[in-house]
**Q** 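This is the structure I have questions about; it appears just below.
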Amino acid sequence: DEEVGFITVKKRANTVNIGLLAVAESHRCQGIAKALLSRAALWALEEVGYDPAASINVITQGSNLIACSCYRSFGFSTFSTQEIHHVWLPENIVGNVSRADQLSIPFCRQHFTGKEQKYIQEVFDKGLDSSAHFTIMCSAKLQEIVGPSSQRVIMVPSGTAALEMAALLCDLQPGDEVIMPSYTFSSTANAVVLRGAVPVFVDIRKDTLNIDETLIEQAITPRTKVICAVHYAGVACEMDTICEIATRHNLFVVEDAAQAFLSQYKGRQCGSIGDFGCFSFHYTKNVICGEGGAISINRSSDLARRALVLWEKGTNRHDFMMGKVDKYEWVDIGSSYVPNEVSCAILWAQLDDAKEVTAKRQQHYNEYLTKLTTSFKNIPPSEQTGDLKLPLPVLRLPHVPSHCETNAHIFYILARNHTERLKLEEGLRAKGVSAFSHYVPLHSSPAGKKYGRTCGIMEVTDSVHNTLLRLPVWPDLTAAERNLITDSLEALAIEIERN
C-alpha cells in the first residue's frame with residue numbers, strides 16, 4: 001500500500017515523545033493527521049499505562065503554526081525536535097478511518113426525542129439509585145411490548161449482558177453445545193464460550209440470511225443444549241420450526257433479538273417466542289441509550305425468579321428490597337447485570353417515540369425496495385442488454401417473508417461477487433455516501449476456530465460475507481439523501497453490468 005503519512009513516537013521512562021508528523025501533500029485535509037495522532041496516543045497509553053506522573057509530549061518546530069494548532073487541540077505540550085520509531089498509516093486504512101466521518105451521508109446518525117436531557121436531570125435530582133425509577137419503568141414498558149408470554153423483563157447494561165444471562169439461565173456446562181449461525185456478532189458466541197460451552201455453527205438461508213432451520217437437526221448431538229436464533233437485520237427466523245425441533249430434543253431456544261426490537265413473526269414480537277429474548281439498545285440500534293439491553297424470560301416463572309438473583313450478583317437482594325427477607329445474602333452464581341439509571345432515563349425517552357422511529361425506518365426501507373426494483377424501467381430499450389432487466393442481476397435485495405414484519409434495522413444489498421461489492425462501496429463513497437459490509441463469519445474467525453466447531457458447508461455465509469453491503473437507513477434520512485443513494489446505486493450497477 002502507498003504510504004501517505006507517518007509519525008514518530010519514542011518512550012523514555014514514563015514520558016512519551018511524539019514528533020515528525022508528516023502527511024503527503026496529495027492526502028492533506030482528510031483527517032490523516034488526527035488519525036495518526038490518535039493512533040500514536042493510543043500506543044503511548046499502552047506503553048506508559050495509567051501512571052499519574054506520565055506525560056505525552058509533542059516535538060515540533062514552534063514556527064509551524066498549523067502543526068502546533070493541531071497538536072494543541074489534543075492538549076499536547078510542545079518541545080523541540082527528535083526522531084526514531086515510526087508508525088505508518090497505509091492508504092487502505094486511511095480510506096476506512098479518516099474519510100468516513102466526513103461523508104455527507106453517514107452510515108448511522110442517532111435520533112433523539114428531545115426528552116432525554118429532561119429525564120437525565122430527573123436522575124440527578126433524585127440520585128443514582130441502581131434500580132430506581134427509570135429502570136423499573138423501562139422494564140415494565142418492555143414487558144408490556146413483549147407481551148403475555150414474558151414472565152419478566154430485566155434491564156441489563158448491554159445486549160451482550162442479556163446473552164450472558166441467558167447462558168447462565170440455560171445452565172450451560174463445559175462441553176455443552178449451542179447451535180447458532182456463523183453470520184452473527186461475537187457476543188452471541190462469547191456468552192456461550194464464557195460458560196465453557198461450544199458454539200456449533202451452521203449455515204444461513206439465502207433469502208433472509210437467518211439460520212437455516214433445515215440444517216439445525218443434523219447439528220444436534222447428545223451434548224446439544226440450546227438453539228440460538230439470531231434475527232438478522234430485524235427479520236425473524238422461522239421460529240415455529242425452530243421451537244418444534246427444540247421441543248422434540250428438549251432444548252432451550254434463545255432469541256438473539258439485538259437487531260429485532262419491535263419486529264414480528266406471525267403477529268408475535270421477536271424475543272417473546274423462545275425461552276429467552278435478548279435485546280440491545282446500543283447507540284447503533286433503532287431505539288438507543290448508548291449502551292443498554294434487556295432480557296425477557298418467557299415461559300418459566302422459576303427461571304424468571306432465578307434471573308433476579310443472577311442480576312443482583314447472585315444475591316437475594318431483590319427479595320430484601322421487596323421486604324420478603326430481613327437481610328440479603330449470596331445464594332447463587334451471578335454478576336453485576338444491573339444497568340445504570342442514566343441509560344434507562346435515555347431509553348425511557350426513546351421508548352416514547354419507538355413506534356414512530358420504527359415507522360420512519362420502515363418508510364426508508366420500503367422506498368429503497370421500490371426504487372431499486374423499479375428505477376431501471378426508465379432505461380430506453382435501445383440501451384438495454386439481454387441481462388439488463390428487473391431485478392438487475394448486479395443487485396439482490398432483502399427478502400421479508402409475508403408472515404414477518406421487519407423493524408427495518410438494516411437495509412442491505414447483495415452484489416454478485418466481492419469485486420463488484422467493492423466497486424459499489426467505493427462508488428458510493430465517492431458520492432459522499434457511507435456504506436459498509438458486515439460480519440466476518442465466526443467460523444472463519446480466529447476465536448471461532450479455537451472455541452467452536454462447524455457443522456456442514458458454510459456456502460451461503462461465506463458468500464454473504466463477501467457480497468453484502470449495508471446502506472444508511474437512520475430515521476431522519478431525508479428523501480433527497482435517500483434518492484442520492486438509490487440514483488448512485490443505479491448508475492453504479494449499470495456501469496458494472498455493461499463493463
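No hydrogens, no waters, no symmetry mates; every other heavy atom, side chains included, goes into these values.
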**Q** Strictly by modelled atom types, are Thr135 and Glu341 linked by a side-chain donor-acceptor pair under 3.5 Å?
**A** yes
**Q** Does Glu255 reach the main-chain N or O of Cys270 with its side chain, forming a donor-acceptor pair under 3.5 Å?
**A** no
**Q** Can His282 and Gln259 be counted as having a side-chain donor-acceptor contact under 3.5 angstrom?
**A** no
**Q** Which label fits Tyr265 and His403: parallel for a plane angle under 30°, tilted from 30 to 60°, or perpendicular past 60°?
**A** perpendicular
**Q** Could you tell me whether a side-chain N or O of Ser296 sits under 3.5 Å from a main-chain N or O of Asn298, the two making a donor and an acceptor?
**A** no
**Q** Taking the side chain as C-beta and beyond, is there a heavy-atom pair between Tyr183 and Leu468 under 4.5 Å?
**A** yes
**Q** Rounded to the nearest 0.5 Å, what separates atom CD1 in Ile297 from atom CZ in Arg306?
**A** 11.5 Å
**Q** Are there over 12 heavy-atom neighbours, none belonging to Lys431, within less than 6.0 Å of that residue's NZ?
**A** no
**Q** Checking Thr478 side chain against Glu481 main chain: does a donor-acceptor pair fall under 3.5 Å?
**A** yes
**Q** Is Lys141 atom NZ crowded by more than 12 heavy atoms from other residues, nucleotides or ligands, each under 6.0 Å away?
**A** no
**Q** Keeping the roles fixed (side chain from Arg421, backbone from Ala415), state whether a donor-acceptor pair exists under 3.5 Å.
**A** no
**Q** Does the Asn466 side chain pair with the main chain of Asn417, one donor and one acceptor, at a distance under 3.5 Å?
**A** no
**Q** Please answer whether the main-chain N or O of Ala408 pairs with a side-chain N or O of Thr406 as donor and acceptor at a distance below 3.5 Å.
**A** yes
**Q** Applying the side chain to side chain contact (heavy atoms under 4.5 Å, CB included) criterion to Pro199, which one of Val193, Thr454, Val226 satisfies it?
**A** Val193
**Q** Contact between Leu169 and Val254 at the side-chain level, heavy atoms closer than 4.5 Å - yes or no?
**A** no
**Q** Does any non-hydrogen side-chain atom of Val153 lie less than 4.5 Å from one of Ile145?
**A** no
**Q** Between Asp212 and Lys206, is there a salt bridge with N-O shorter than 4.0 Å?
**A** no
**Q** Taking the side chain as everything from C-beta on, heavy atoms only, tell me whether Pro398 gets closer than 4.5 Å to Leu369.
**A** yes
**Q** Is the distance between the ring centroids of Tyr439 and His465 under 6.0 Å?
**A** no
**Q** Side chains of His438 and Tyr232: is there a donor and an acceptor less than 3.5 Å apart?
**A** yes
**Q** Counting only heavy atoms not in Tyr451, do more than 12 sit closer than 6.0 Å to its OH atom?
**A** no
**Q** Could you go through the salt bridge (charged side-chain N to carboxylate O under 4.0 Å, His left out) check for Glu497 and Arg416 one step at a time?
**A** CA-CA 11 Å; Glu497 186 64 18; Arg416 287 180 296 198; 3.0 Å; yes
**Q** For the backbone of Met165 and the side chain of Trp311, can you confirm whether one donor and one acceptor N or O come within less than 3.5 Å of each other?
**A** no
**Q** Indicate yes or no: at least one non-hydrogen side-chain atom of Gln269 is less than 4.5 angstrom from one of Phe261.
**A** no
**Q** CD1 of Ile485 to CD1 of Ile105: how many Å apart, nearest 0.5 Å?
**A** 4.5 Å
**Q** More than 12 foreign heavy atoms under 6.0 Å from NZ of Lys266: is that the case here?
**A** yes
**Q** Before accepting this row, confirm whether a basic side-chain N of the pair Lys371/Glu367 lies closer than 4.0 Å to the acidic partner's carboxylate O.
**A** no
**Q** Using the side chain to side chain contact (heavy atoms under 4.5 Å, CB included) definition, which of the options Ile288, Ile346, Leu347 pairs with Phe281?
**A** Leu347
**Q** We want to know whether Asp256 and Thr188 form a side-chain donor-acceptor pair, criterion being a heavy-atom distance below 3.5 angstrom.
**A** yes
**Q** When you compare the side chain of Met180 with that of Ile211, does any pair of heavy atoms fall below 4.5 Å?
**A** no
**Q** Counting only heavy atoms not in Glu122, do more than 12 sit closer than 6.0 Å to its CD atom?
**A** yes
**Q** For the residue pair Phe201 and Thr461, establish whether any side-chain heavy-atom pair is separated by less than 4.5 Å.
**A** no
**Q** Between atom NZ of Lys355 and atom CG of Leu262, what is the distance when rounded to the nearest 0.5 Å?
**A** 8.0 Å
**Q** Is it true that Asp353 and Lys360 have a side-chain N and a carboxylate O under 4.0 angstrom from each other?
**A** no
**Q** Just by distance, with hydrogens left out, do Asp125 and Gln121 show a side-chain donor and acceptor under 3.5 Å apart?
**A** yes
**Q** Taking side chain as C-beta onward, heavy atoms only, is Leu209 less than 4.5 Å from Tyr412?
**A** yes
